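Beneath this line is the structure, given in structure tokens, with notes to follow.
The chains referred to below are lettered A, B, ... by the order of the sequence lines, with proteins before strands, and numbering in each begins at 1. This is a predicted model, so every value here is computed, not measured.
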Number of protein chains: 2
Amino acid sequence: MSLRHGLLGLLAEGPASGYDLTRRFAELLGQVWPARHPQIYAELGRLAEAGLIEVDSHGPRQRKAYRITGAGLAEVRRWLTDDEVDHTLRMEPLLRSVFFWLMEPADLAAHLERERQYYSGTAAAMRTYAGAKDRGEFGTSEQTRSLRIAAEAGIRLFEALAEWASWAERYAAEHLTEHHSETGHHSEHPPALPEGRPGSGSA
Amino acid sequence: MSLRHGLLGLLAEGPASGYDLTRRFAELLGQVWPARHPQIYAELGRLAEAGLIEVDSHGPRQRKAYRITGAGLAEVRRWLTDDEVDHTLRMEPLLRSVFFWLMEPADLAAHLERERQYYSGTAAAMRTYAGAKDRGEFGTSEQTRSLRIAAEAGIRLFEALAEWASWAERYAAEHLTEHHSETGHHSEHPPALPEGRPGSGSA
DNA sequence: CAACAACATGTACAGATTGACATGTCTAGT
DNA sequence: ACTAGACATGTCAATCTGTACATGTTGTTG
């Protein structure tokens, strides 16, 4: 339930309304943690009930801004330093990649090329943004620095995916060009990936 | 709702029971699409009702294996080629990074170091696995080739994250060492990241 | 043969998330 | 004065997801 902490984190920057937070989530956090307005309004209600935030002001058009409380600020900080990081990833494009062998070679090539373009375009947009930050266009506050770190992750992630798509195009052209039969009953399924939990084993 | 298609994709390799599929999801797809057994059994029921899969055999301890039908195979393929890719990412570690400015420098440094180790450990495990595949230890079927592509994505992704964590440690040491005040009301919140939808704009 | 681990399937419930619907306000342009 | 668009908040139903609970079977080991 990281929406709770995402909202608290944003409110730590200053008071904001549900509407503000919805747009901020869509623009800033949409790539890493999607959230729609019904969920945000509901969570704000719970947060207020728990005393982690409180109503800061009422504006025009029944605008209701919230402000983080001391307890709320303590809670985000507790989350950041004490709560274990959840490394669960949910990424449809990679799920699809496991089933590439079911696709016609031409369809797969087209798919990978579209993916490559999407990822490199996204990476480029983030690089542009990070460049503006580095030139100091958004000031030098701690929040801005922090956002710069997040942007760097996005750049590296999407660049890596773009290069992967490019690599996969070449790999598929070399290794997956044969036409396939109707069902894949020809062999036992191959062994699984290793579980990859480095913290709790060999390290 | 990609669980549906993930199950169909696995069943395209050959018949399997809910138990098999649960373990296969945990081992193979857990990193990119988590799913627990209650969800898998429920979805298998729906899939069978829709005629996309059917009972293949009954084994010992009320084991019930399913087999994909022609309609099911057509449906996975339709998904792979026609359905738009959902690029939504959900990644708690990156959500946290937006709020690094709220952490004490020492805690942040420790956090980033743990993250770096986690990512590089995971990447290393995947690299080992991919190496075994490349030496032909798992055969040369199309499924194996496909899984090799997925593994490559994992390697590149986790390597990129490990390098990011390392970069962030250095960046934070240079730019985020000042101690922060109790609340961050000192400035307006910085502007958001660009939306980064390359397909529908400049591209 | 008792006990345990692994196999195997399922239900029930709580919480997270989304899409559709509903409502009302303020500003700018015509 | 009207109207369109952005502002602003919310409800509701449906679906997805995860945790805990419940049940019974088979093979292995002492």
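Atom CZ of R46(A) and atom P of dT11(D) are 11 Å apart (whole Å). With rounding to whole Å, L44(A) atom CG is found 12 Å from dT11(D) atom P.
In this structure, CG in L7(A) is found 6.0 Å from CD1 in I40(A), a value given to the nearest 0.5 Å.
Checked against salt bridge (charged side-chain N to carboxylate O under 4.0 Å, His left out), D83(B) has the following partners two or more places apart in sequence or in another chain: R78(B). For E163(B), there are no salt bridge (charged side-chain N to carboxylate O under 4.0 Å, His left out) partners, not counting sequence neighbours.
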Listing, residues 148-156 of chain B side-chain donor-acceptor contacts under 3.5 Å, not counting sequence neighbours, or none:
{"unit_1": "R148(B)", "atom_1": "NE", "unit_2": "D134(B)", "atom_2": "OD1", "d": "2.8"}
{"unit_1": "R148(B)", "atom_1": "NE", "unit_2": "D134(B)", "atom_2": "OD2", "d": "3.3"}
{"unit_1": "R148(B)", "atom_1": "NH1", "unit_2": "E152(B)", "atom_2": "OE1", "d": "3.0"}
{"unit_1": "R148(B)", "atom_1": "NH2", "unit_2": "D134(B)", "atom_2": "OD2", "d": "3.1"}
{"unit_1": "R148(B)", "atom_1": "NH2", "unit_2": "E152(B)", "atom_2": "OE1", "d": "3.2"}
{"unit_1": "E152(B)", "atom_1": "OE2", "unit_2": "R156(B)", "atom_2": "NE", "d": "2.7"}
{"unit_1": "E152(B)", "atom_1": "OE2", "unit_2": "R156(B)", "atom_2": "NH2", "d": "3.2"}

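A salt bridge links D20(B) with R63(B): the closest approach of a Lys/Arg side-chain nitrogen to an acidic carboxylate oxygen falls below 4.0 angstrom. Look at E13(B) and R24(B) and you find a salt bridge, because one of the NZ, NE, NH1 or NH2 atoms lies within 4.0 Å of a carboxylate O, short of that distance. A salt bridge links R116(B) with E113(B); the closest basic N to acidic carboxylate O contact falls under 4.0 Å. Salt bridge absent: R145(A) and E142(A) never bring a charged side-chain N and a carboxylate O closer than 4.0 Å.
Between chain A and DNA chain C, the heavy-atom contact criterion of under 4.0 Å yields a 5' to 3' nucleotide range of dA16(C) to dT27(C).
For Y19(A) and dC7(D), the shortest distance from a side-chain N or O to OP1 or OP2 is below 4.0 Å.
Taken over five-pair windows at either terminus, the axes of the helix from dC1(C)-dG30(D) to dT30(C)-dA1(D) are inclined to one another by 10° (rounded to 10 degrees).
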Pairwise N/O distances under 3.5 Å, protein to nucleotides 18-25 of chain D:
{"unit_1": "dT19(D)", "atom_1": "OP2", "unit_2": "R36(B)", "atom_2": "NE", "d": "3.4"}

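Taking the six-membered ring where tryptophan is involved, the planes of Y118(B) and F158(B) are perpendicular, since the angle between them exceeds 60° and thus also 30°.
Counting any heavy atom pair closer than 4.0 Å across all strands shown, T22(B) reaches no nucleic acid atom.
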side-chain hydrogen bond (donor to acceptor under 3.5 Å, both in side chains) assessment of Q31(B) paired with H87(A): CA-CA 8 Å; Q31(B) 292 277 339; H87(A) 288 104; over 6 Å; no
